[in-house]
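We name chains A, B, ... by the order of the sequence lines, and we start the count at 1 in each one. The model shown is predicted, which means the values in this text are computed figures rather than measured ones.
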Amino acid sequence: LYPHSLRNIDELCASIVRSHRETSQYRVEELHALRWKLFNREEIQAYQSKSVDEMWQHCAIRLTEAVQYVVEFAKHIPGFRMLSQNDQIALLKTGSMEVVLVRMSRLFNTENNTVFFDGKFAGTEVFKSLACGDLITAVFDFAHGMCALKLTEQQIALFSALVLINADRPCLEDKGRVQRVQRSVEFGLTHILHRDNQESLMHKLYQRVAVLRSLCSLHMEKLRWFSQRYPLTAHSLFPPLYKELFA
Amino acid sequence: LKEKHKILHQLLQNSTS
């Protein structure tokens, strides 16, 4: 698992980058071409006039789709499939949402503060009927901060893998084994940053990890609030995978 | 965790293309 030569590190990085590319919902060039395709006033109003539970259900479906791509990404990270099934589940349970948020920064246009959602770029106002403006603002701020780092696709791939493979997650059976995979991914990211002459990014990326934690706990807090208010929607209409991971 | 995360477990079991 632990890369012993430069060639091994290159192979590890190449596998992670390939997995990232093959499991990304949208390609960078595709998104770039669509970057000025914005929702018009009527479309924004249609989202805003949805009820709270309708919009939550809609976003839960979109989020679940994104999580499924992250599961596929994880499967091709070298060493991931050698972990026990319990530990694979434990890592995805806590890490999948964080990787979705990292990936979201690829879908973000900093010039007009919009994110690609449902086929067009949407500002925070599109998500108004979720009734959790603080979470939406925090998520947009995070994407803005990530974009400011101007990461390459390779750097995003390695960082996503590092976010996922974290030996400090709860419920792990074999922490040591996860730690070994984590070290190899860390090695890969360090190698790529060194090659790109951007070693100073490592510190900034670790700062982003702390923000990801707080965003995920805010998401859970909002979900608890929603489930108390709309138990039927949360219980019967949310995608089963969303409930499994977050409820 | 496997018992409580049947869908995720299934997704992990599925062979990837």
Worksheet item: Is a side-chain donor or acceptor of Lys75(A) paired with a backbone partner of Asn14(B) at a separation under 3.5 angstrom?
Response: yes

Worksheet item: Under 4.5 Å between any side-chain heavy atoms of Gln85(A) and Gln13(B), yes or no?
Response: yes

Discussion item. Pair Leu11(B), Leu241(A) - check side-chain contact (heavy atoms from CB on, under 4.5 Å), show working.
Written reply: CA-CA 10 Å; Leu11(B) 288 173; Leu241(A) 179 59; 3.8 Å; yes

Discussion item. Measuring only between side-chain heavy atoms, which start at C-beta, is Phe80(A) closer than 4.5 Å to Leu12(B)?
Written reply: yes

Practice prompt. For atom CZ of Arg27(A), decide whether the heavy atoms of other residues, nucleotides or ligands shown that lie under 6.0 angstrom number more than 12.
Written response: no

Worksheet entry | Atom pair CG/NZ of Leu8(B) and Lys93(A) - distance to nearest 0.5 Å | 8.5 Å

Worksheet entry | Residue selection (most heavy-atom pairs with chain B, distance under 4.5 Å) from Leu92(A), Val67(A), Asp87(A) | Leu92(A)

Worksheet item: Among His5(B), Lys2(B), Lys4(B), who wins on heavy-atom pairs under 4.5 Å with chain A?
Response: His5(B)

Practice prompt. Calculate, to the nearest 0.5 Å, the distance between atoms CG and CG belonging to Leu1(B) and Leu172(A) respectively.
Written response: 9.0 Å

Response to the item:
Distance col, row Glu3(B):CD vs Asn86(A):CG, nearest 0.5 angstrom, shows 11.5 Å

Worksheet item: Looking at Glu244(A) and Ile7(B), what are the two nearest heavy atoms and their distance?
Response: OE2-N, 2.8 Å

